[in-house]
Amino acid sequence: MNDNELGTQAIVALGSNIGDKIANIDKAVQRLTGADDIRLTARSRDYKTPPWGNTDQDWFVNACIAITTDLGPHDLLRRCLEVEQELGRRRTEKWGPRVIDLDVLIYGDVTLADADLTLPHPHITKRAFVLAPLADVAPETVIEGKTAAEWLAEIDTAGIEPIK
């Protein structure tokens, strides 16, 4: 199967702050893109980022990947949740420590909001730890009338540092 056979471009954000954070991100990317129905088209650098929400926890590694897929948005979300579970994620605390976190940020030009999924992700423009890696893989992506790169230029990026 070549990239032209896959239908929709999407962006997935990844984060980890437990264990070998970089390895957790790498494993999640490999597992998510290991099947024929999801192809990796770009990967951001890894970023060391301060915790957000609950700040009484270890720092994070955050990244984004651009993919093409034949999966629908809810099926892609289910696949992300499966990868989280395979890698040991246990949802015990909102914004708490996590081995791995995968969020579908953008799915083509789809806009939706239901009990399970909101697209584009509702907090992209408010989180530098998402915007920095997003700007690596898709700087011209328009969200709420501005590009990812423009949003990044306007937000406080204190503590956001590229690792590689």
Side-chain angles (χ1 to χ4, degrees), residues 1 3-19 21-47 49 51-54 57 60-144 147-148 151-152:
M1 181 177 288
D3 287 343
N4 294 335
E5 294 174 13
L6 295 175
T8 304
Q9 296 181 343
I11 307 283
V12 176
L14 304 99
S16 175
N17 78 332
I18 295 175
K21 302 164 190 177
I22 293 173
N24 294 340
I25 300 286
D26 290 342
K27 287 177 195 172
V29 170
Q30 290 168 355
R31 287 186 186 213
L32 187 64
T33 62
D36 286 341
D37 53 4
I38 299 176
R39 294 285 175 150
L40 180 66
T41 59
R43 187 189 191 290
S44 73
R45 296 172 286 178
D46 292 330
Y47 286 84
T49 65
W52 189 93
N54 172 6
Q57 59 184 314
F60 278 78
V61 171
N62 287 99
C64 280
I65 57 172
I67 60 171
T68 55
T69 185
D70 282 335
L71 296 176
H74 287 91
D75 289 333
L76 178 57
L77 173 63
R78 275 189 284 283
R79 182 75 59 81
C80 288
L81 295 174
E82 288 169 5
V83 168
E84 288 181 353
Q85 192 169 28
E86 289 170 10
L87 294 177
R89 168 96 188 254
R90 302 295 173 259
R91 293 177 182 273
T92 58
E93 177 185 352
K94 186 171 184 160
W95 297 323
R98 70 249 352 242
V99 170
I100 193 69
D101 183 38
L102 285 86
D103 288 317
V104 179
L105 297 179
I106 297 166
Y107 182 90
D109 58 2
V110 170
T111 300
L112 70 85
D114 63 31
D116 298 318
L117 183 61
T118 301
L119 291 170
H121 192 286
H123 305 296
I124 294 172
T125 62
K126 297 166 185 66
R127 297 177 175 174
F129 67 87
V130 172
L131 285 168
L134 176 59
D136 279 356
V137 298
E140 298 304 315
T141 296
V142 176
I143 308 144
E144 298 177 19
T147 67
W151 281 112
L152 180 61

Nearest heavy-atom neighbours spanning Ala28 and Leu102: CB-CD1, 4.2 Å
Partners meeting side-chain contact (heavy atoms from CB on, under 4.5 Å) with Ala135 (sequence neighbours left out): Leu152
For Asp109, side-chain hydrogen bond (donor to acceptor under 3.5 Å, both in side chains) partners two or more places apart: none
Main-chain N/O of Val137 paired with Ser44 side-chain donor or acceptor, under 3.5 Å: no
Residues that Val142 engages under side-chain contact (heavy atoms from CB on, under 4.5 Å), provided they are two or more places apart: Thr147
Arg79: partners by side-chain contact (heavy atoms from CB on, under 4.5 Å), with sequence neighbours left out: Leu32, Ala35, Asp37, Ile38, Leu71, Glu82
Asn24/Arg98 under side-chain contact (heavy atoms from CB on, under 4.5 Å): CA gap, chis, key distance, verdict: CA-CA 10 Å; Asn24 294 340; Arg98 70 249 352 242; over 6 Å; no
CA sep, side-chain torsions, deciding dist, call: Leu117, His74, side-chain contact (heavy atoms from CB on, under 4.5 Å): CA-CA 7 Å; Leu117 183 61; His74 287 91; 4.0 Å; yes
All side-chain contact (heavy atoms from CB on, under 4.5 Å) counterparts of Pro120, not counting sequence neighbours: Ile106, Thr111, Ile124
Salt bridge (Lys or Arg N to Asp or Glu O under 4.0 Å): pairs with one or both residues in residues 8-17, sequence neighbours excluded: none
Check: Leu14 and Ile65 side chains under 4.5 Å, non-hydrogen atoms: yes
Minimum heavy-atom distance between Ala138 and Ala148, given as atom pair plus value: O-CB, 3.7 Å
Steps toward side-chain contact (heavy atoms from CB on, under 4.5 Å) verdict (Thr69, Tyr107): CA-CA 9 Å; Thr69 185; Tyr107 182 90; 4.0 Å; yes
Residue list, side-chain hydrogen bond (donor to acceptor under 3.5 Å, both in side chains) with Asp75, at least two apart or on another chain: Arg78
For the student: nearest non-hydrogen atoms of Leu76 and Ala10, plus distance: CD2-CB, 3.9 Å
Any donor-acceptor pair under 3.5 Å from Gln9 side chain to Ala66 backbone: no
Under the side-chain hydrogen bond (donor to acceptor under 3.5 Å, both in side chains) test, residues paired with Lys21 that sit two or more places apart: Asp58
Closest contact, heavy atoms only, Thr125 versus Leu131: O-CD1, 3.8 Å
Step-by-step side-chain contact (heavy atoms from CB on, under 4.5 Å) determination, Ile143 to Leu134: CA-CA 11 Å; Ile143 308 144; Leu134 176 59; 3.8 Å; yes
Residue pairs passing the salt bridge (Lys or Arg N to Asp or Glu O under 4.0 Å) test where at least one lies in residues 110-126, sequence neighbours excluded: none
Inter-residue atom distance Thr118.OG1 - Leu112.CG, 0.5 Å rounding: 7.0 Å
Qualifying salt bridge (Lys or Arg N to Asp or Glu O under 4.0 Å) pairs with a residue from residues 60-69, counting only residues at least two apart or across chains: none
Side-chain (Asp101) to main-chain (Gly15) donor-acceptor, under 3.5 angstrom: no
Closest non-hydrogen atom pair, Pro73 against Leu119: CB-CD1, 3.8 Å
